[in-house]
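What follows is a short report on a single structure.
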Amino acid sequence: QLQLVESGGGLVQPGGSLRLSCAASGFPLDVLLDYYAIGWFRQAPGKEREGVSCISSRDLITNYADSVKGRFTISRDNPKNTVYLHMNSLKPEDTAVYYCAARYYHCSAEKRDFGSWGQGTQVTVSS
């Protein structure tokens, strides 16, 4: 069974940067991320979980929510079974618990299409 673990969250001032990591395990390393698209989602207090970014498996197609375009970058390192979310120019409205999730091959805008989820990492943007 695929397992995902997020890390890299923390407290940062507005305008600052963070890099979140999503480490995958549970399958032979040489086939793990070749089959999975990885999405990043976030959930702020009192709000629904929303999609932030996603990267597909082999063709590495990426997409971003309008609210983070130009500030966030998603990347993956398949030999390390890790997907990263580089977050720059952070704003207070980026404060949320960030989750990574996996589904076969292609990205989806619907969180219900993702079957494996991590436990989340808190990102707080505040002065």
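Side-chain atoms of Ile38 and Cys22, non-hydrogen and from C-beta on, do get closer than 4.5 Å to each other. Residues Ser7 and Thr121 fail the side-chain proximity criterion, which asks for heavy atoms closer than 4.5 Å. Asp94 has its side chain out of reach of Met87: every pair of non-hydrogen atoms, C-beta onward, lies at least 4.5 Å apart. A heavy-atom distance below 4.5 Å is not found between the side chains of Arg76 and Thr82. In this structure the side chain of Thr95 reaches within 4.5 angstrom of the side chain of Gln122, judged on heavy atoms. Between Ile74 and Trp40 there is a side-chain heavy-atom pair separated by less than 4.5 Å. Between Pro14 and Pro92 there is a side-chain heavy-atom pair separated by less than 4.5 Å. Between Ser56 and Tyr36, the closest side-chain pair of non-hydrogen atoms is not below 4.5 Å.
Between Gln13 atom CD and Ser126 atom OG the span is 8.5 Å, to the nearest 0.5 Å. Atom OG in Ser25 sits 7.5 Å away from atom CG in Leu4 (nearest 0.5 Å). Annotation: the span from Arg112 atom CZ to Arg49 atom CZ amounts to 14.5 Å, rounded to 0.5 Å. Rounding to the nearest 0.5 Å gives a distance of 9.5 Å between CG of Leu18 and CG of Asn88. Rounding to the nearest 0.5 Å places CZ of Phe72 at 14.5 Å from OG1 of Thr62.
Looking at His86 and Ser17, their side chains never bring a donor and an acceptor atom within 3.5 Å of each other.
Within the 3.5 Å criterion, the main-chain N or O of Ala65 finds no donor-acceptor partner in the side chain of Ser67. Here the side chain of Glu6 pairs a donor or acceptor atom with the backbone of Cys100 at under 3.5 angstrom. Side-chain N or O atoms of Ser53 include one that pairs as donor or acceptor with a backbone N or O of Asn63 at under 3.5 Å. Side chain of Ser57 to backbone of Tyr105: a donor-acceptor contact under 3.5 angstrom is found. Under a 3.5 Å cut-off, the side chain of Ser89 and the backbone N or O of Gly15 do not form any donor-acceptor pair.
Lys69 and Asp66 are joined by a salt bridge, as a carboxylate oxygen and a charged side-chain nitrogen come within less than 4.0 angstrom of each other.
Under a hydrophobic clustering in which Ile, Leu, Val, Met, Phe, Trp and Tyr are joined whenever their side-chain heavy atoms come within less than 4.5 Å, directly or via other members, Val52 and Leu60 fall into the same cluster. Hydrophobic cluster membership is shared by Val97 and Phe114, with clusters built from Ile, Leu, Val, Met, Phe, Trp and Tyr side chains linked at under 4.5 angstrom. Linking Ile, Leu, Val, Met, Phe, Trp and Tyr residues whenever their side-chain heavy atoms come within less than 4.5 Å places Val68 and Val83 in a single cluster. Both Ile55 and Tyr35 belong to a common hydrophobic cluster when Ile, Leu, Val, Met, Phe, Trp and Tyr are linked at side-chain heavy-atom distances under 4.5 angstrom.
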If you apply the rule side chain to side chain contact (heavy atoms under 4.5 Å, CB included), what do you find for Ser116 with Gln3, and how did you get there? CA-CA 7 Å; Ser116 299; Gln3 297 174 333; over 6 Å; no
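Within 6.0 Å of atom CD in Glu48, 12 or fewer heavy atoms from other residues, nucleotides or ligands are found, so the atom counts as exposed in its surroundings.
Here the closest non-hydrogen pair linking Leu2 and Ala24 is CD1-CB, 4.1 Å. Counting all heavy atoms, side chain and backbone alike, Gln43 lies closest to Lys47 at NE2-O, 3.1 Å.
Remark: Arg71 is not positioned above the aromatic ring of Tyr64, lacking an NZ or CZ atom under 6.0 angstrom from the ring centre and at most 45 degrees off the axis. Taking the ring axis of Tyr99 as reference, the NZ or CZ atom of Arg42 does not stay both within 45° of it and closer than 6.0 Å to the ring centre.
Annotation: Tyr98 is not in aromatic contact with Phe41 [ring centroid separation under 6.0 Å not met].
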